[in-house]
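Data first, discussion second: the structure below is written as structure tokens.
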Amino acid sequence: MIDSGPLPPTPVRASFALFLGVVVLSLLNAVVQVAFRLSGAITVVGALIETVLFLLLGTQMRAGRLWARVTLMSVAWVFIAVSLLAMLGLNGAFGNHMDGLVLFTLIYVGAKLAMIIAATALMYRPSTRGYFH
């Protein structure tokens with residue numbers, strides 16, 4: 001049996017799982033945006049960049065790298081700001097022929113925002129302090 005070191009604390013594993021959920025939501029949004037021909041390559045490229053960032057940093061955070069936890073928090077704050085701006089921008093979009101898609105997007109952005117906030121909070125639980133080096 002290969003010794004892979006100590007298991008990460010439960011909050012770190014839960015944080016990583018939430019960041020994986022954010023990746024899934026981003027890729028799902030890109031598929032929906034392309035399927036409805038609302039946007040093209042730019043949405044796919046953005047989702048892929050987000051996927052790489054969260055997977056790379058999340059994996060390193062799960063391995064106990066302090067720099068990854070700090071960087072992931074910084075990236076998360078940027079995504080929180082962008083998500084809030086997107087929600088404010090979509091708020092006035094109701095009343096046109098795409099109400100269902102606007103509602104889907106608001107729910108998607110809200111879920112993603114909640115997952116990022118929860119994942120960031122879990123990374124900084126007091127029980128995880130000794131895990132990062």
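Y131 contributes atom OH, which lies 8.5 Å from atom CZ of R65 (distance to the nearest 0.5 angstrom). Summarising the geometry, atom CG belonging to L72 is positioned 13.5 Å from atom CZ belonging to R62; distances are rounded to the nearest 0.5 Å. Here the CG atom belonging to L66 is positioned 9.0 Å from the OG1 atom belonging to T71, to the nearest 0.5 angstrom. Annotation: the span from I117 atom CD1 to L122 atom CG amounts to 12.0 Å, rounded to 0.5 Å. If you take CD1 on I80 and NZ on K112, they are separated by 11.0 Å, rounding to the nearest 0.5 Å.
Nearest approach of L27 to A47, heavy atoms of both residues: CD2-CB, 4.1 Å. Smallest separation of non-hydrogen atoms from L25 and A111: CD1-CB, 4.1 Å.
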Trace of the side-chain contact (heavy atoms from CB on, under 4.5 Å) decision for Y108 with L28: CA-CA 9 Å; Y108 148 76; L28 175 66; over 6 Å; no
From CA spacing to verdict: side-chain contact (heavy atoms from CB on, under 4.5 Å), R69, T128: CA-CA 11 Å; R69 180 173 77 157; T128 65; 3.7 Å; yes
Trace of the side-chain contact (heavy atoms from CB on, under 4.5 Å) decision for L48 with V52: CA-CA 6 Å; L48 291 176; V52 168; 5.6 Å; no
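Take T120 and apply the side-chain contact (heavy atoms from CB on, under 4.5 Å) test, not counting sequence neighbours, and it matches F19, M73, A76, I116, M123. Remark: F16 pairs with no residue by the ring pair (Phe, Tyr, Trp, His ring centres under 6.0 Å) rule, at least two apart or across chains.
For residues 13-26, the pairs satisfying side chain to side chain donor-acceptor pair (under 3.5 Å) are T10-R13, S26-E50, with sequence neighbours left out.
Under a hydrophobic-cluster definition in which Ile, Leu, Val, Met, Phe, Trp and Tyr are linked whenever side-chain heavy atoms come within less than 4.5 Å, directly or via other members, V78 and L18 are assigned to different clusters. In terms of hydrophobic clustering, with Ile, Leu, Val, Met, Phe, Trp and Tyr side chains grouped at heavy-atom distances under 4.5 Å, W67 and V75 are assigned to a common cluster. Hydrophobic clustering, with ILVMFWY side chains joined whenever heavy atoms are under 4.5 angstrom apart, groups M115 together with Y124. Under the 4.5 Å side-chain heavy-atom criterion for ILVMFWY residues, no single connected hydrophobic cluster contains both V12 and L56. A continuous path of Ile, Leu, Val, Met, Phe, Trp and Tyr side chains, each step under 4.5 Å between heavy atoms, connects V22 with I49, placing both in one hydrophobic cluster.
Residue W77 qualifies as open at atom CH2: its count of foreign heavy atoms under 6.0 Å is 12 or below.
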